J.: 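One structure is given below, represented as structure tokens, and several questions about it will come after.
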Amino acid sequence: MRTSVKFSATAVAVAALSIGLTACGSDSGKAGSSPDDALVVGASPTPHADILKFVKDNLAAKAGLKLEIKEYTDYVTPNTALEDGDIGANYFQTAAYLKDFNAKNGTHIVGVENVHVEPMGLYSKKDTKASELKSGDTIAIPNDAVNEGRALQLLAANDIITLKDGAGSTATVSDIKDAKGLKFKEIEAAQTPRSLDDVTAAVINGNYALEAKFKPSKDALVLESGTNNPNANFLAVKKGNEDDPRVKKLEKLLNSDEVKQYIEKTYADGSVIPSFGAVKS
């Protein structure tokens with residue numbers, strides 16, 4: 001019995017030490033931890049993580065910034081991970097999406113610096129131009145409130161559908177005044193490229209279009225303009241961590257001439273457009 005007690009006490013001590021070490025390790029990437037720790041940034045693979053990798057490989061060391069990149073393929077997990085403190089910042093979303101996400105989930109995330117715009121587009125494997133769409137055809141659209149509204153606004157701006165008066169950025173299919181015989185399939189944004197085998201066309205966010213190897217300026221039937229586009233993607237942190245020295249360094253690097261040149265050269269087709277500056281709340 002005594003031996004058993006000693007073993008249990010030892011086991012508890014080891015477990016406590018293990019938990020402590022794990023906790024220290026998990027804290028290192030959080031904004032607000034030591035300036036000497038690496039800042040862990042969650043990002044969509046393309047183009048966000050690619051841009052961050054350029055910063056890490058070419059600019060971060062000179063600026064005294066240790067940077068780690070964690071990739072996410074959806075639009076929910078990088079925000080929950082940031083709220084929970086698993087990462088110190090993220091880079092993938094627009095102001096409208098974040099506002100809606102915070103309101104619905106009780107999260108406390110703020111945007112700190114715009115970086116780029118990815119025009120949303122309508123794509124098809126069956127039609128080569130929007131005028132070929134006909135009554136009975138099905139269009140897939142993102143099912144989250146903000147991207148669905150953005151998709152419907154894109155279709156309305158190109159006379160593919162007509163929306164009711166007053167339908168704004170969070171419009172849904174119920175706000176369609178005249179669908180012109182078209183049907184709509186609401187699915188997760190990440191699944192829209194894969195849906196093209198089953199529908200006539202799909203409205204696809206820029207990052208997912210790039211991952212699917214589309215060239216937006218060439219392949220999209222209709223495409224958002226990059227000029228004065230309010231849907232800039234930005235670096236975000238949990239509220240209260242805006243002044244973390246590492247975040248400030250990354251902000252500056254993401255808005256540097258080197259990043260601007262990298263974006264313009266890498267995405268010369270206009271699929272990603274530099275859009276620097278502070279995020280407007």
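Computed from a prediction, not measured in an experiment: that's the story for all the values here.
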J.: Out of curiosity, Ser44 OG to Leu52 CG, how far, rounded to the nearest 0.5 Å?
T.: 10.0 Å
J.: Look up atom OG1 in Thr170 and atom CG in Asn147, then write down how far apart they are to the nearest 0.5 Å.
T.: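 Atom-to-atom, Thr170:OG1 and Asn147:CG are 12.0 Å apart.
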J.: Between the main-chain N or O of Val40 and the side-chain N or O of Lys70, is there a donor-acceptor pair closer than 3.5 Å?
T.: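 Such a contact is absent between Lys70 side chain and Val40 backbone.
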J.: Would you compute the distance between atom CG of Leu154 and atom CD1 of Ile161 and round it to the nearest 0.5 angstrom?
T.: 9.0 Å
J.: Report yes or no: do Ile69 and Leu59 belong to one cluster of Ile/Leu/Val/Met/Phe/Trp/Tyr joined by side chain heavy-atom distances under 4.5 Å?
T.: yes
J.: Please tell me whether Asp244 and Asn241 have a donor and an acceptor in their side chains that are separated by less than 3.5 angstrom.
T.: no
J.: Classify the ring geometry between Phe92 and Tyr97 as parallel (under 30°), tilted (30 to 60°) or perpendicular (over 60°).
T.: perpendicular
J.: Closest approach of Glu251 and Glu113, non-hydrogen atoms and distance?
T.: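 Nearest heavy atoms, Glu251 then Glu113: OE1-OE1, 3.0 Å.
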J.: Would you say Thr107 and Asn102 are linked by a side-chain donor-acceptor pair, where the criterion is simply a distance under 3.5 Å?
T.: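 Yes, because at least one side-chain N or O of Asn102 sits under 3.5 Å from a partner of the opposite role on Thr107.
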J.: Measure centre to centre between the rings of Tyr75 and Tyr208, then say whether the value is under 6.0 Å.
T.: yes
J.: Will you find, in the side chains of Asn205 and Asn207, an N or O donor that is under 3.5 Å from an N or O acceptor?
T.: no
J.: Say you draw a straight line from CD1 of Ile139 to CD1 of Ile160; how long is it, rounded to the nearest 0.5 Å?
T.: 6.0 Å
J.: Going hydrophobic residue to hydrophobic residue with side-chain gaps under 4.5 angstrom, can you get from Ile141 over to Leu163?
T.: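 Ile141 and Leu163: one cluster.
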J.: Quick check on the hydrophobic clustering: are Ile187 and Val199 connected, directly or via other members, by side-chain heavy-atom contacts under 4.5 Å?
T.: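 No, it is not one cluster - the side chains of Ile187 and Val199 are not joined through contacts under 4.5 Å.
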J.: Where do Glu148 and Val173 land on the side chain to side chain contact (heavy atoms under 4.5 Å, CB included) test, with the steps shown first?
T.: CA-CA 8 Å; Glu148 179 169 343; Val173 291; 3.8 Å; yes
J.: Could you check whether any side-chain N or O of Asp50 sits under 3.5 Å from a backbone N or O of Thr46, counting only pairs where one atom can act as donor and the other as acceptor?
T.: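 A pair under 3.5 Å: no.
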J.: Would Lys53 and Glu71 pass as an ion pair if we require N to O under 4.0 Å?
T.: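 A salt bridge is present here (some side-chain N lies under 4.0 Å from a carboxylate O).
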J.: Considering all heavy atoms of both residues, which atom of Asp175 and which atom of Ala167 are nearest to each other, and what is their separation?
T.: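 It is CB-CB, 4.0 Å.
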J.: I'd like to know if the side chain of Gln153 reaches the main chain of Gly168, judged simply by a donor and an acceptor atom lying under 3.5 Å from each other, with no hydrogens or angles considered.
T.: yes
J.: Which one of Tyr262, Phe234, Tyr91 satisfies the ring pair (Phe, Tyr, Trp, His ring centres under 6.0 Å) criterion with His116?
T.: Tyr91
J.: In Å, rounded to the nearest 0.5 Å, how long is the span from CG of Asn105 to CD of Glu83?
T.: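 Output value for this atom pair is 9.0 Å.
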J.: Around Lys126, counting heavy atoms of other residues, nucleotides and ligands shown, do more than 12 lie under 6.0 Å from its NZ?
T.: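 Atom NZ in Lys126 is crowded, with more than 12 foreign heavy atoms closer than 6.0 Å.
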J.: Which atom names give the shortest non-hydrogen contact between Val272 and Pro47, and what distance separates them?
T.: CG2-CG, 3.7 Å
J.: May I ask you to test the Ile176-Leu182 pair for a side-chain heavy-atom distance under 4.5 Å?
T.: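 Counting from C-beta outward, Ile176 and Leu182 never come under 4.5 Å.
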J.: Tell me whether Tyr123 is reachable from Tyr267 by hopping between hydrophobic residues (I, L, V, M, F, W, Y) whose side-chain heavy atoms are closer than 4.5 Å.
T.: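 They do not share one cluster, since no chain of ILVMFWY contacts under 4.5 Å joins Tyr267 to Tyr123.
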J.: How close do Asn114 and Asn255 get, counting heavy atoms only, and between which atoms?
T.: O-ND2, 2.9 Å
J.: Looking only at side chains, do Asn79 and Gln93 share a donor and an acceptor under 3.5 Å apart?
T.: yes
J.: Near Asp57 CG, under 6.0 Å, is it more than 12 heavy atoms from other residues, nucleotides or ligands?
T.: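 Yes, because the 6.0 Å sphere around CG of Asp57 holds more than 12 heavy atoms from other groups.
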J.: Would you check, one step at a time, whether the test side chain to side chain contact (heavy atoms under 4.5 Å, CB included) holds for Glu118 with His48?
T.: CA-CA 10 Å; Glu118 303 159 23; His48 310 79; 2.8 Å; yes
J.: Regarding Lys260 and Asp257, does a basic nitrogen lie under 4.0 Å from an acidic carboxylate oxygen?
T.: no
J.: Please report the shortest heavy-atom distance between Ala89 and Leu235, naming the atom on each side.
T.: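 For Ala89 and Leu235, the tightest heavy-atom pair comes out as CB-CD1, 4.0 Å.
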J.: Could you walk me through whether Asn58 and Glu258 pass the side-chain hydrogen bond (donor to acceptor under 3.5 Å, both in side chains) check?
T.: CA-CA 9 Å; Asn58 298 276; Glu258 292 89 343; over 6 Å; no
J.: Compare all side-chain heavy atoms of Met120 with those of Val203 and state whether any distance is below 4.5 angstrom.
T.: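 SC-SC contact between Met120 and Val203 confirmed.
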J.: Check Leu196 against Ser124 and note the closest heavy-atom contact, atom names and distance.
T.: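 Closest approach of Leu196 to Ser124, heavy atoms only: CD2-CA, 4.0 Å.
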J.: Are Pro216 and Asp269 side-chain neighbours, meaning at least one heavy-atom pair lies under 4.5 Å?
T.: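 Side chain of Pro216 against side chain of Asp269, heavy atoms only: contact under 4.5 Å found.
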J.: Is any side-chain heavy atom of Lys180 closer than 4.5 Å to a side-chain heavy atom of Leu133?
T.: no
J.: Looking at CZ of Phe101 and OG1 of Thr94, how far apart are the two atoms once the value is rounded to the nearest 0.5 Å?
T.: 12.5 Å
J.: Taking C-beta and beyond as the side chain, do Val237 and Val110 meet within less than 4.5 Å on heavy atoms?
T.: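 They are in side-chain contact.
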J.: Below 4.0 angstrom, N of the basic side chain to O of the carboxylate: do Lys66 and Asp37 qualify?
T.: no
J.: Could you check Arg246 against Lys249 for side chain to side chain contact (heavy atoms under 4.5 Å, CB included), going step by step and ending with a plain yes or no?
T.: CA-CA 5 Å; Arg246 299 168 302 167; Lys249 288 178 182 178; 5.6 Å; no
J.: Is there a path from Ile273 to Phe276 through hydrophobic residues (I, L, V, M, F, W, Y) whose side chains come within less than 4.5 Å of each other?
T.: no
J.: Does Asp100 use its side chain to pair, donor to acceptor, with the backbone of Ala96 at less than 3.5 Å?
T.: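 Flag not set: sc Asp100 to bb Ala96 has no pair under 3.5 Å.
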